[in-house]
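Okay, so here's the structure we're looking at.
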Amino acid sequence: MHAKTDRFIQIALVIAVFGGWEGGIALGWIDPFFFPAPTAIAQQAWNWLSDTSFYQHVYITLTETALGYLIGTGLGVAGGVWLGLSRRSARILDPFIKGFNAIPRVVLAPIFVLWLGLGLWSKVALAVTLVFFTTFFNAMQGVREVNPVVLANARILGAGRSDLLRHVYFPAAASWILSSLRTSVGFAVVGAIIGEYLGASAGLGYLIAQAEGNFNAVGVFAGIIILAAFVLVIDALLDLVENKLITWRPNAQAQATS
């Protein structure tokens, strides 16, 4: 019952916001040059989606996002687990990690373009730097939060290092890691889009940059809406994976009625 009510409120908010936006333009309260009508944005998005060449741009951005996400996640989980288990290594590398993490990622984009060119890998590299630290810190903290009693009991039962990793550390850190995976999706998209925005010949970021260069606010907003929908679809898929992997978590129905 609560879930249906919440869904109704969400739909009502969407109708109120976009309806008010459209009405404000019709009444002359909103300048369509800066805030184009939602119907115009929807029409532009539909024109793109109905054009087969548009999906080449989607494919390029999706490839950059997926590669950056997978590589950044893999490196982040591996590094986080390693430094979570090795306190000495963590102390040695701590100032270097903090220093690199303090660098704004956007300023790295021109460097990656210089090193790797305007092709795919400069965008992937930027996405990796954005994804890595989010996953890294969550994995490290998740490993360090393992219950010492559970760890001691596993060792008493004869669990070796690989057994501890498989049956104790990774299950304990799973919720930390999976929560970071959801956040990292947006960062991976941001990395790909910023890279395309600064220099590319294709991709959704390229389309948005082209629209901005032509002072086409409709195209900019349409690109933003498509990107938002793109991230929401990936987030929904990750939600399904999370529900499958974390079997002890209360199901969605129990959460909805709580």
Side-chain angles (χ1 to χ4, degrees), residues 1-27 29-32 34-51 54-55 57-59 61-62 64-66 68-70 72-73 127 130-131 134-135 138 142 171 173-193 204-205 207-208 211 217-258:
M1 184 63 181
H2 291 293
K4 292 182 179 179
T5 303
D6 293 344
R7 186 66 64 188
F8 174 78
I9 293 174
Q10 290 173 343
I11 295 172
L13 284 173
V14 170
I15 294 174
V17 170
F18 287 100
W21 185 351
E22 189 78 31
I25 291 175
L27 294 173
W29 297 344
I30 300 175
D31 188 346
F34 298 103
F35 296 96
T39 51
I41 297 171
Q43 182 62 49
Q44 178 63 67
W46 174 253
N47 291 339
W48 279 346
L49 294 172
S50 59
D51 185 359
F54 172 75
Y55 294 96
H57 296 283
V58 175
Y59 172 76
T61 301
L62 178 61
E64 295 164 351
T65 300
Y69 182 72
L70 293 174
T73 297
L130 287 165
V131 170
T134 303
T135 314
N138 276 271
S175 59
W176 289 81
I177 294 172
L178 288 173
S179 65
S180 71
L181 296 184
R182 299 173 71 103
T183 307
S184 298
V185 170
F187 287 135
V189 174
V190 167
I193 295 302
L204 294 177
L207 291 180
I208 294 174
V218 175
V220 173
F221 276 90
I224 292 172
I225 295 296
I226 291 173
L227 281 175
F230 178 63
V231 174
L232 287 174
V233 170
I234 298 176
D235 185 73
L237 294 175
L238 285 175
D239 192 37
L240 294 175
V241 173
E242 187 175 349
N243 289 331
K244 292 290 184 180
L245 293 179
I246 306 181
T247 55
W248 46 263
R249 194 179 69 171
N251 58 38
Q253 183 178 359
Q255 291 179 354
T257 56
S258 61

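Hydrogens, waters and symmetry mates are skipped; everything else that's a heavy atom, side chains included, is used.
At least one donor-acceptor pair closer than 3.5 Å links the side chain of Trp21 to the backbone N or O of Pro36. With hydrogens and angles ignored, the 3.5 Å screen pairs a side-chain donor or acceptor of Asn47 with a backbone N or O of Gln43.
From Leu237, atom CG reaches atom CG of Leu232 across 11.0 Å, with rounding to the nearest 0.5 Å. A distance of 5.0 Å separates CG of Leu204 from CZ of Phe54, quoted to the nearest 0.5 Å. With rounding to the nearest 0.5 Å, the separation of CD1 in Ile208 from CD1 in Ile193 is 5.5 Å. With values rounded to the nearest 0.5 angstrom, Ser180 atom OG is found 10.5 Å from Phe187 atom CZ. Distance check, rounded to the nearest 0.5 Å: CD of Glu22 to CD1 of Ile41 gives 9.0 Å. Here the straight-line distance linking atom CD1 of Ile177 with atom OG of Ser184 works out to 11.0 Å at 0.5 Å rounding.
The shortest side-chain heavy-atom distance between Asp31 and Phe35 does not fall under the 4.5 Å cut-off. Residues Ile224 and Val220 form a side-chain contact, since some pair of their non-hydrogen atoms from C-beta on lies under 4.5 Å apart. When side chains are defined from C-beta on, Thr61 counts as touching Thr65, because their heavy atoms get closer than 4.5 Å.
The shortest non-hydrogen separation linking Ala45 to Ala222 is N-CB, 4.0 Å. Looking at every heavy atom in both residues, Ala127 comes nearest to Ala188 through CB-O, 3.7 Å. The minimum heavy-atom distance between Pro32 and Ile25, with the atom names listed, is CB-CG2, 4.3 Å. Heavy-atom minimum distance, Val131 versus Gly72: CG1-C, 3.8 Å. For the pair Gly219 and Gln44, the tightest heavy-atom approach, listed with the atom from each and the gap, is CA-CG, 4.1 Å.
Applying the 6.0 Å contact sphere to OH of Tyr69 captures more than 12 heavy atoms from other residues, nucleotides or ligands.
The closest side-chain donor-acceptor pair between Gln10 and Asp6, if any, does not fall under 3.5 angstrom.
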